[in-house]
Amino acid sequence: MAFTFKLNTCNPIFFTITNTSSYDPLLKNARRSGFLSFRFSASTMSSGSSVAEAFEEGELERPKWAGETPLSRLVGALISIKPLFSVLKLGARQVFISTAEKTNIPWREMTKEILDSDVYKELESIENPAIVYPDYYLNPFHAYDEGNLSWLAAAEVEAATMSMVRRAIPYASSLDEANQIVRGNWLDAIEKHHQQYSADFSIRDILDIGCSAGVSTGYIADKYPSAKVTGLDLSPYFLSVAQYKEKKRNQRKNPISWIHANGEDTGLPSESFDLVSIAYVFHECPERAIRNIVKESFRLLRPGGTIAITDNSPKSKILQELPPVLFTLMKSTEPFLDEYYLTDLERVMKDTGFANVQTVLTDPRHRTVTATVPY
């Protein structure tokens, strides 16, 4: 079977596939479903809800394109075609960058600033040479062949995070306004939960599991300036960027600590934290890792401690109604997305021993799940 691609590297991207005799039934169905003859554009990626639709749940438990459905299997079959997968990754990457820059996020400039800096010097003090990476973590993520284990991924993650926030709140007039909603509602959900169920003790020690380059960690540290905050991640490259950027900002009263470790088995003392945060991590994990991280969080929290997980919401109306091009792009860069959507996170938390499990849509795309370790 031979493939012929027509690829225009300027945005938008177009491609066609010809000479596909053995895949004809699959590809014909894909064309009818709107998958092929893709047109990727930044305006498509940034489309989203109006103010009136914000925080609205869809009618399904999860999107039709996730899990064991005919639509999901079709997407999976398309992604399994290696030449098509390569084009999808290229398209996804270009769309992410273009979307960011069209909303005044200087993706390329921010990336160059990191790659041209002295960030590499941080690696020696961050990296744990004894780490054994779990098999799932060695998969390609986000159109990077090395996944999260590369300097390019680490250099681009802050701009990618900013772009994610802008896509979540497309009606916001600025990135700051979008962050006030996405980050503000997430932090408010944490505060309200802890006050309601653990008001008799303050938050003194915080662990941010899967902290990446420290964006979420910084927001938590700003929210709780008197607390001792620790960011933990499996990527020493992300942690190097986090440490480098923290050194450049004004010194905090309590500096953030960074740990290169596996969130499934951190090696940290039991009952040593009052708050464990896990932000935008679980959609990148297989179910077994999700369960292990929840169990580890339970071990690490003191009685009365709070866990807060924020990530894609399976019930988001926006995500349930994504156009075929967008969810195909998403699934091509997120290898464990189906496992995430099929996992009953609230049930996993209850089975682990957490009490007071609550879920709230904190923006049109994302939920925050909070719970308490019983006294």
Side-chain angles (χ1 to χ4, degrees), residues 48-63 66 161 164-172 177-199 203 206-211 215-217 219-220 222-224 273-285 290-291 293-294 297-298 301 304-322 337 340-374:
S49 67
S50 67
V51 177
E53 294 174 325
F55 309 92
E56 186 176 355
E57 290 190 350
E59 297 179 356
L60 307 173
E61 287 298 307
R62 65 184 62 86
T161 301
M164 176 273 291
V165 170
R166 289 290 286 178
R167 287 198 304 274
I169 315 294
Y171 50 82
E177 182 182 335
N179 269 319
Q180 287 173 12
I181 297 171
V182 174
R183 303 293 182 177
N185 290 344
W186 160 60
L187 291 170
D188 284 348
I190 296 172
E191 182 178 39
K192 289 176 181 176
H193 187 100
H194 195 79
Q195 285 181 348
Q196 182 175 357
Y197 298 106
S198 310
I203 293 177
I206 300 172
L207 178 64
D208 188 23
I209 294 179
C211 67
V215 176
S216 58
T217 325
Y219 276 100
I220 293 172
D222 290 342
K223 176 71 174 179
Y224 299 99
F273 295 95
D274 306 304
L275 170 63
V276 170
S277 172
I278 306 166
Y280 310 108
V281 174
F282 280 172
H283 72 276
E284 296 181 4
C285 297
I290 293 173
R291 291 182 178 276
I293 294 171
V294 170
S297 300
F298 188 85
L301 283 164
T306 299
I307 185 173
I309 301 163
T310 190
D311 214 314
N312 297 344
S313 173
K315 294 185 178 181
S316 162
K317 188 173 189 293
I318 295 287
L319 294 181
Q320 289 186 5
E321 296 180 358
L322 281 180
L337 202 58
Y340 168 72
Y341 280 120
L342 288 172
T343 300
D344 185 342
L345 182 57
E346 292 89 343
R347 174 51 55 191
V348 169
M349 295 169 75
K350 291 175 183 176
D351 290 346
T352 301
F354 281 103
N356 311 314
V357 179
Q358 297 182 335
T359 301
V360 61
L361 274 178
T362 39
D363 68 61
R365 292 171 178 253
H366 304 111
R367 62 179 173 178
T368 297
V369 187
T370 50
T372 311
V373 173

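Numbering starts at 1 and runs along the sequence shown.
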Legend entry - His283 backbone acceptor or donor facing Asp311 side chain under 3.5 Å: yes
Legend entry - Enclosure of Glu61 CD (heavy-atom neighbours >12, cutoff 6.0 Å): no
Legend entry - Nearest heavy-atom neighbours spanning Tyr341 and Ala66: CD1-CB, 3.7 Å
Legend entry - Pairwise side-chain contact, Thr362 with Val182, heavy-atom cut-off 4.5 Å (strictly under): no
Inset, instruction - Of all the heavy-atom pairs spanning Ile209 and Ile293, show the shortest one and how long it is. - result: CG2-CG2, 4.2 Å
Legend entry - Check: Glu346 side chain, Thr359 main-chain N or O, donor-acceptor pair, under 3.5 Å: no
Legend entry - Test applied, side-chain contact (heavy atoms from CB on, under 4.5 Å); reference residue, Ser297; option that passes from Ile278, Thr352, Ile309: Ile278
Inset, instruction - Give a yes or no answer on whether the side chain of Thr343 reaches the backbone of Leu345 with a donor-acceptor pair at less than 3.5 Å. - result: no
Legend entry - Tyr171 side chain near Ile181 side chain, heavy-atom distance below 4.5 Å: yes
Legend entry - Backbone of Asn312 reached by a side-chain donor or acceptor of Tyr340 within 3.5 Å: yes
Legend entry - Minimum side-chain heavy-atom gap Val294-Phe354 below 4.5 Å: yes
Inset, instruction - Quick one: closest heavy-atom pair of His193 and Gln358, and the distance? - result: ND1-OE1, 3.4 Å
Legend entry - Donor-acceptor contact below 3.5 Å, side chain Ser316 vs main chain Pro364: yes
Legend entry - Side-chain donor/acceptor of Thr310 to backbone N/O of Arg367, under 3.5 Å: yes
Inset, instruction - Please name the pair of heavy atoms, one in Ala308 and one in Ile190, separated by the smallest distance, quoted to 0.1 Å. - result: CB-CG1, 3.4 Å
Legend entry - Closest heavy-atom pair and its distance - Ser277, Asp208: O-OD1, 3.2 Å
Legend entry - Taking every non-hydrogen atom, the tightest pair across His194 and Ile203: NE2-CG1, 3.5 Å
